[in-house]
S.K.: 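Take a look at the following structure, please.
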Amino acid sequence: MLFDILTLFPAMFDGAFTDSIIKRAVDKGLVSVDIHNIRDYSGDVKHQTVDDYPYGGDAGMLMKPEPLAAAIRAAKERLDGRNPTVVYLTPAGRLLNQDTVKELSAKESLILLCGRYKGIDQRVIDSYVDMEVSIGDYVLSGGEIPAMAVVDAVTRLIPGVLSNIDSAETDSFHNGLLSHPHYTRPEVFEGIKVPEVLISGHHANIRGWQKQKSLELTKARRPDLLNGAGID
Ligand code: 4GS
């Protein structure tokens, strides 16, 4: 998977992918993450303007269309033959969930467009964007953190990225449910004991307990997920 990220704040990505699972995936050549500054495509050599006032007189600024279009065209050239999907991170997008992550992980390459200010000119969305994605119903200062969330979640699903130890099979949402509670040593912490079944060594009982807890937790916290998981 090739990620090409278009942003006005490339430095925000310093260190974002240099640890742990993502770094290993990059080192193994399973994914690559390329960061590009939209300002480099402003064409306006002297002022490098990337924002302008909105028509209609609303407060705040918008990202001008020309630098965005040029940045996307350049990214498409870099990814020529890799069939890139252009994703714009915006609260107006489809809410990112594990199904969407799965869908994105099947693509060959993704161009992640990070907005700033009040957003971007609608014509860029209409002409250049394939998919709009939101990471949740709250307002951030830019699309950079959503882009990082997409890279992280999508990379975990690329074959060969996760070892057995971090296996996606024990993650929340893997089977459409929340994960069961987890315990590690010590056996008694601040007077609270680890559930007996987990130290029983009885694997069928342990699996049964985990499945039941997973269902209970999902029913209590996220009943909306139960329909999707084919359980009511
Ligand atoms: C999100 C979000 C977001 C919206 C970007 C206001 C700057 C900001 N993007 N999921 N303009 N939530 N974007 O808040 O994706």
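The first residue in the sequence is number 1, and the count goes up from there. Atoms within each ligand, like the ligands themselves, are counted from 1 in listed order.
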S.K.: Could you tell me the residue and atom name of the protein heavy atom closest to atom 11 (N) of ligand 1, and the distance to it rounded to 0.1 Å?
M.R.: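 The closest one turns out to be Tyr117 O, 2.8 Å.
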S.K.: Hey, is OH on Tyr138 packed in by over 12 heavy atoms from elsewhere, all under 6.0 Å?
M.R.: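 Atom OH in Tyr138 is packed in, count exceeds 12.
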S.K.: Which option, Gly142, Ala147, Ser134, owns the non-hydrogen atom nearest atom 5 (C) of ligand 1?
M.R.: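 Looking at heavy atoms only, the winner is Gly142.
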S.K.: Do the side chains of Lys213 and Glu216 get close enough for a salt bridge, i.e. N-O under 4.0 angstrom?
M.R.: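 Yes, Lys213 and Glu216 are salt-bridged.
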S.K.: Looking only at N/O atoms, are Tyr138 and ligand 1 under 3.5 Å apart anywhere?
M.R.: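 The answer is yes, given that Tyr138 and ligand 1 share an N or O pair closer than 3.5 Å.
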S.K.: Could you list the atoms of ligand 1 found under 4.0 angstrom from a heavy atom of Leu89?
M.R.: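 This gives 9 (N), 15 (O) as the contact atoms.
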S.K.: Would you say CZ of Arg24 has more than 12 non-hydrogen atoms from neighbouring residues, nucleotides or ligands within 6.0 angstrom?
M.R.: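 Result for CZ/Arg24: enclosed.
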S.K.: Taking only heavy atoms of Gly136, which atoms of ligand 1 are found under 4.0 Å from at least one of them?
M.R.: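 Reading through ligand 1 atom by atom, the close ones are 12 (N).
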S.K.: Would you say Lys118 and ligand 1 have an N/O pair spaced under 3.5 Å apart?
M.R.: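 No, no N or O pair falls under 3.5 Å.
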S.K.: Could you tell me the residue and atom name of the protein heavy atom closest to atom 13 (N) of ligand 1, and the distance to it rounded to 0.1 Å?
M.R.: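 Nearest protein contact, heavy atoms only, for atom 13 (N) of ligand 1 is Pro91 CD, 3.6 Å.
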S.K.: For Asp14, does the CG atom sit with more than 12 other heavy atoms under 6.0 Å from it, leaving out its own atoms?
M.R.: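 Yes - once you tally the heavy atoms of other residues, nucleotides and ligands closer than 6.0 Å, there are more than 12.
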S.K.: Within a reach of under 6.0 Å around NE2 of His182, are more than 12 heavy atoms found that belong to other residues, nucleotides or ligands?
M.R.: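 For His182, atom NE2 is crowded (more than 12 foreign heavy atoms under 6.0 Å).
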S.K.: Report, as yes or no, whether the 6.0 Å neighbourhood of atom CG on Leu140 holds more than 12 heavy atoms from other residues, nucleotides or ligands.
M.R.: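 Yes, the 6.0 Å shell around CG holds more than 12 heavy atoms from other groups.
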S.K.: Show the atoms of ligand 1 that are less than 4.0 angstrom away from any heavy atom in Thr90.
M.R.: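 Near Thr90, the atoms of ligand 1 are 9 (N), 15 (O).
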S.K.: List every atom of ligand 1 that sits less than 4.0 Å from any heavy atom of Ser141, numbering the atoms from 1 in the order shown and giving each element.
M.R.: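 Once the distances to Ser141 are compared, the set is 7 (C).
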S.K.: Considering heavy atoms of the protein only, find what lies nearest to atom 14 (O) of ligand 1 and give residue, atom and distance to 0.1 Å.
M.R.: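 Checking every protein heavy atom, the shortest distance to atom 14 (O) of ligand 1 gives Leu140 N, 2.8 Å.
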S.K.: From the options Ile135, Ile145, Asp137, select the one whose nearest heavy atom is closest to atom 10 (N) of ligand 1.
M.R.: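 Residue with the shortest heavy-atom distance to the ligand atom: Ile135.
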S.K.: Using a strict threshold of under 4.0 Å (side-chain N to carboxylate O), is an ion pair present between Arg78 and Asp4?
M.R.: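 The answer is yes: the pair qualifies as a salt bridge.
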S.K.: May I have the step-by-step check of side-chain contact (heavy atoms from CB on, under 4.5 Å) for Asp58 and Lys118, ending in yes or no?
M.R.: CA-CA 10 Å; Asp58 289 341; Lys118 293 287 172 191; over 6 Å; no
